A.B. asks: 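Sending over a structure as structure tokens; questions will come in a sec.
Below, each value reflects all heavy atoms present in this structure, side chains not excepted, and no hydrogens, waters or symmetry copies. Remember, predicted model here, so these are calculated numbers, not experimental data. Atoms within each ligand, like the ligands themselves, are counted from 1 in listed order.
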Amino acid sequence: MSTDLLGKSALVSGASRGIGYAVAAELLSRGANVLITARKPEPLEQAAAELRGSGHQGEVVALAGNSGDAEARAAAVQRAVTEFGSLDILINNTGINPVYGSLMEADLDAVRKIFDVNVVAALGYIQEAYKAWMGEHGGAVVNVASVAGLRSTGVIAAYGASKAALIRLTDELAWQLGPKIRVNAVAPGVVKTSFADALYSADEDAAAQVYPMKRLGAPEDVARLIAFLASDQAQWITGETVRVDGGLLSTGGI
Ligand SMILES: NC(=O)c1ccc[n+]([C@@H]2O[C@H](COP(=O)([O-])OP(=O)(O)OC[C@H]3O[C@@H](n4cnc5c(N)ncnc54)[C@H](OP(=O)(O)O)[C@@H]3O)[C@@H](O)[C@H]2O)c1
């Protein structure tokens, strides 16, 4: 088992379940201390208890809060620095998608909210981490984007546009924050979580057939890549968006 993150501290937003939880578990298993957030306190506390019970030596702190709320972001970053003495790794995992279908009928307040949580909140978290720790000491940021940010879907269009903005933001920040801070992104295909349920649960086998790897993603597939990008093994990688999509975009489709 790798201990390449021993002594490092991480904040993972949106981590009471799904990809964020798997990322927290992976970082913890590699030796990091981890602060996790989510809106609902009870499932978050339960997730923290499960992580603490997993037998790894790192500390786990849970702090409930909405990533779209500037005060909650500041509180989470401050708490990580206070509890762990540093904040070396920030995983902007929170993402929402309340709008499906035609952009011509999309509710603009809902679209605004998508961009606020998926893009502005990610930047807000990075600003807080920069002020509190990374600006002086350095660090690594990984933003969770989506293949929908790399190619049109026709269905989750506003979400895709927000993830495209997050990918562009990743590139811009890599330039502005180097050499101390690396900023990368991951672009998953469909991963089996409650978030993506509507995209595959009616017929999972059919959904999986379009993937060269003939299966949908598991949260751990994404978590391992994120942990690598956050680690010193990736120390010459910044501004990159890595697909973790079972080859989906290699088919030319989405
Ligand atoms: N699953 C996929 O197929 C897929 C594919 C590509 C990209 N992604 C991206 O991966 C990320 C995680 O998705 P997932 O599939 O793991 O989702 P998920 O299983 O629904 O988990 C989402 C997590 O984020 C929390 N959360 C949601 N909104 C939040 C907010 N405003 N502030 C703070 N926490 C919030 C949820 O807890 P609460 O409800 O308690 O807040 C939960 O812990 C998202 O950015 C998503 O866009 C997912």
A.B. asks: Between Thr193 and Arg17, is there a side-chain donor-acceptor contact under 3.5 Å, judged purely by atom types and distance?
C.D. replies: no

A.B. asks: So, are Arg224 and Glu220 salt-bridged, with charged N and O less than 4.0 Å apart?
C.D. replies: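 Judged by the 4.0 Å cut-off on N to carboxylate O distance, Arg224 and Glu220 do not form a salt bridge.
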
A.B. asks: Identify the heavy atoms of Ala106 and Val111 that sit nearest to each other, and give their distance.
C.D. replies: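 Reported closest heavy-atom pair: CB-CG2, 3.9 Å.
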
A.B. asks: Has the side chain of Lys8 got a donor or acceptor atom that lies under 3.5 Å from a matching backbone atom of Asp88?
C.D. replies: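 No, Lys8 side chain to Asp88 backbone: no donor-acceptor pair under 3.5 Å.
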
A.B. asks: Please check if any side-chain donor atom of Arg73 sits under 3.5 Å from a side-chain acceptor atom of Ser13, or the reverse.
C.D. replies: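 No.
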
A.B. asks: List, ordered by chain and residue number, the protein residues whose closest non-hydrogen atom lies under 4.0 Å from any atom of ligand 1.
C.D. replies: Gly14, Ala15, Ser16, Arg17, Gly18, Ile19, Ala38, Arg39, Lys40, Gly65, Asn66, Ser67, Asn93, Thr94, Gly95, Ile96, Val144, Ala145, Ser146, Tyr159, Lys163, Pro188, Gly189, Val190, Val191, Thr193, Ser194, Phe195, Ala196

A.B. asks: Could you check if a side-chain atom of Leu150 sits within less than 4.5 angstrom of a side-chain atom of Leu249, using non-hydrogen atoms only?
C.D. replies: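 Leu150 reaches Leu249 side chain to side chain.
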
